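Only one structure is covered here, and it is reproduced in the block below.
Quick note: numbers below take in every heavy atom, side chains included, and nothing from hydrogens, waters or symmetry partners. Letters A, B, ... are given to chains in the order of the sequence lines, protein chains preceding strands, and every chain is numbered from 1. The model shown is predicted, which means the values in this text are computed figures rather than measured ones.
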2 protein chains.
Amino acid sequence: MTTEQSKSEISRARILDAAAKTFRQKGYAATTLIEIARAADMQAGSLYYHFGSKDELLEEVLDIGMRRVHEAVEESQEHLPPGSSHRDRIRAAVEAHLTTLLKLDDYTSANIRIFGQIPEDVRRRHIRLRDAYAELWRRILVKAQKSRALRSDIDLGLVRMLLMGALNWSVEWYQPGRTSIQTMADHMCLMLFSGIGIDEPARSSEDETVA
Amino acid sequence: MTTEQSKSEISRARILDAAAKTFRQKGYAATTLIEIARAADMQAGSLYYHFGSKDELLEEVLDIGMRRVHEAVEESQEHLPPGSSHRDRIRAAVEAHLTTLLKLDDYTSANIRIFGQIPEDVRRRHIRLRDAYAELWRRILVKAQKSRALRSDIDLGLVRMLLMGALNWSVEWYQPGRTSIQTMADHMCLMLFSGIGIDEPARSSEDETVA
DNA sequence: GTCTATAACTAGATAGAC
DNA sequence: GTCTATCTAGTTATAGAC
C-alpha cells in the first residue's frame, strides 16, 4: 500500500507490457498467450494467476492505451502558455496525440491498430473510453470554430475524422528517425489551417495543365 | 475460353468474394476457412480444389484489392476533361480512391484493413503492388508541385502519407448514407489545398483565446 | 467439383505440485 | 506466484467417395 510494488503488481505490469507490444505487432487473434508469456519471461499457465482470460488482458491493454492518449492531450491543453491562440491549442493536441502514439506507448498504438479486429463484447465495453476521447477533440475543434479560428461552413465532425485518420494511420508507416514528430505536426497543422495549395495563376494558353 | 465462365471460375470467384468480405470484417487470423466456405455456400474442404492454402487465398484477395484501386485512380486521371487543373486531377484521384474503398469493393477495403496483420511472406510478395500504387500518387503530387500548384517548401512524401491516412482511415468509421463520398472528397481537398483556418484577427484584450 | 471424414496440430484454459 | 502437465475445442489441410 506504499509506493513499493508488490511482486504481483510487478509481474502484472510486465505481462501487460508484453501483451501490448505483441498485440501491436501481430494483431489480436494472431497473438498467442504463449508468445505473451515468453515476452514476459513466464510460462503461459502463469498468466492466469493475474488475468482471467485472453480477452480480459486485451481489455486492460486497450483501456490503458486510450486513457494515456486522452490524458496526454488533456494535459497539452492545460499546460499551454496563457494567451495561446486556437491554432496553438490544436497544434499542441496534435503533437500530444502523435507523441503518445509513436514514441511513448505500445498501449496506445496497440489500441489504434487492433481496435477493428477485437471481439464484439470487448469492443462494447471499451467504446465509452473511445467516445470520451472523441468528445475531447470535438470540444477543442468546436471552441476554435466558435471563436472564428476555423471556417464555419464545414462539417467539423468530418474534419475531425479525417484529421484523426491522418494521425492514426502513422502507426502503419512511421519509422523513428526518418521524420520527426515535430515535422509531422507541422505538416498536419499546415494542411489543416492553410492548406498546401498555391493559387493557380489565371489560365493562359502556355500553361501545362495536362502534361 | 469464350466470355462464358466455367463452373470452376464461378466457384472460384464466389470463394474470393466470400473471403474478401470475411477478411474485411473479422481480420485475417480470426477468419476461419469454415466461415469463408459457409459464406460461399460450400464445405471447408472444397476450398482446396481452388486454392492451395489459406495464405494463397489471402494473397489473391490482397492483390485484387490493390489492383482495383490502382486502376480506378489511373482511370480517373485518364478521363479528366482537357484543361483540367492540378487541383482537379488530385480531386479526381481522391474521389476514385474513396469510391473504390467505400462503395465498390470488399477487396480493397480488406486490403487496407488487414495489411498490418498478415504473415510476413505474404506481405513480402504483395509489397510490389503497394509500392506501385504509392508511386502513382507520388507522380500525381510531384507533377502538381513542379507546376507550382502545390507549395515547394513541404515534404511531399509526408503529405502523401497524411493524405492516404485520412482517406484510408475512413474504412474504420465510414457508414454509408451518413456522409456522401462527394462531401468527404470536398472536405479532404479543401484541407489539402486551402486549409480550414481563418486568419485570426490581431489580438485584442477582449479576445477569448483561452476560455 | 463438391462432399464427408478425419489426421495433425495448436490454441486457450484448468489443476495440482512446489 | 509460478511451473508442469493436460484437457478440450477448434483449425488447417488431406484423402477418398460420389
Whether His97(B) and Trp137(B) hold their rings parallel, tilted or perpendicular, with breakpoints at 30° and 60°: perpendicular
Presence of salt bridge, [Y] and [X], under 4.0 angstrom:
| X | Y | value |
| --- | --- | --- |
| Glu9(A) | Arg12(A) | no |
| Glu71(A) | Arg68(A) | no |
| Asp106(A) | Arg24(A) | yes |

Stems formed with participation of DNA chain D [Watson-Crick or G-U wobble, under 3.5 Å, three or more pairs]: C:1-18 with D:1-18
Touch class at under 4.0 angstrom, heavy-atom based, for Thr31(B) against every strand present: sugar-phosphate
Heavy-atom side-chain contact between Tyr133(A) and Met164(A) under 4.5 Å: yes
Check: Asp88(B)/Ser85(B) side-chain N/O donor and acceptor closer than 3.5 Å: yes
Residues touching DNA chain D, which here means a heavy atom under 4.0 Å, drawn from residues 42-60 of chain B: Gly45(B), Tyr48(B), Ser53(B), Lys54(B)
Pairs meeting criterion side chain to side chain donor-acceptor pair (under 3.5 Å) with involvement of residues 48-59 of chain A, two or more places apart: Tyr28(A)-Asp55(A), Glu59(A)-Arg125(A)
Partners meeting ring pair (Phe, Tyr, Trp, His ring centres under 6.0 Å) with His187(A) (sequence neighbours left out): none
Under 3.5 Å: donor-acceptor pair, side chain of Glu35(A), backbone of Thr32(A): yes
For chain B, the stretch of DNA chain D it reaches, first to last nucleotide, under 4.0 Å of its heavy atoms: dT11(D) to dT14(D)
Non-neighbouring partners of Arg67(A) that pass side-chain hydrogen bond (donor to acceptor under 3.5 Å, both in side chains), sequence neighbours left out: none
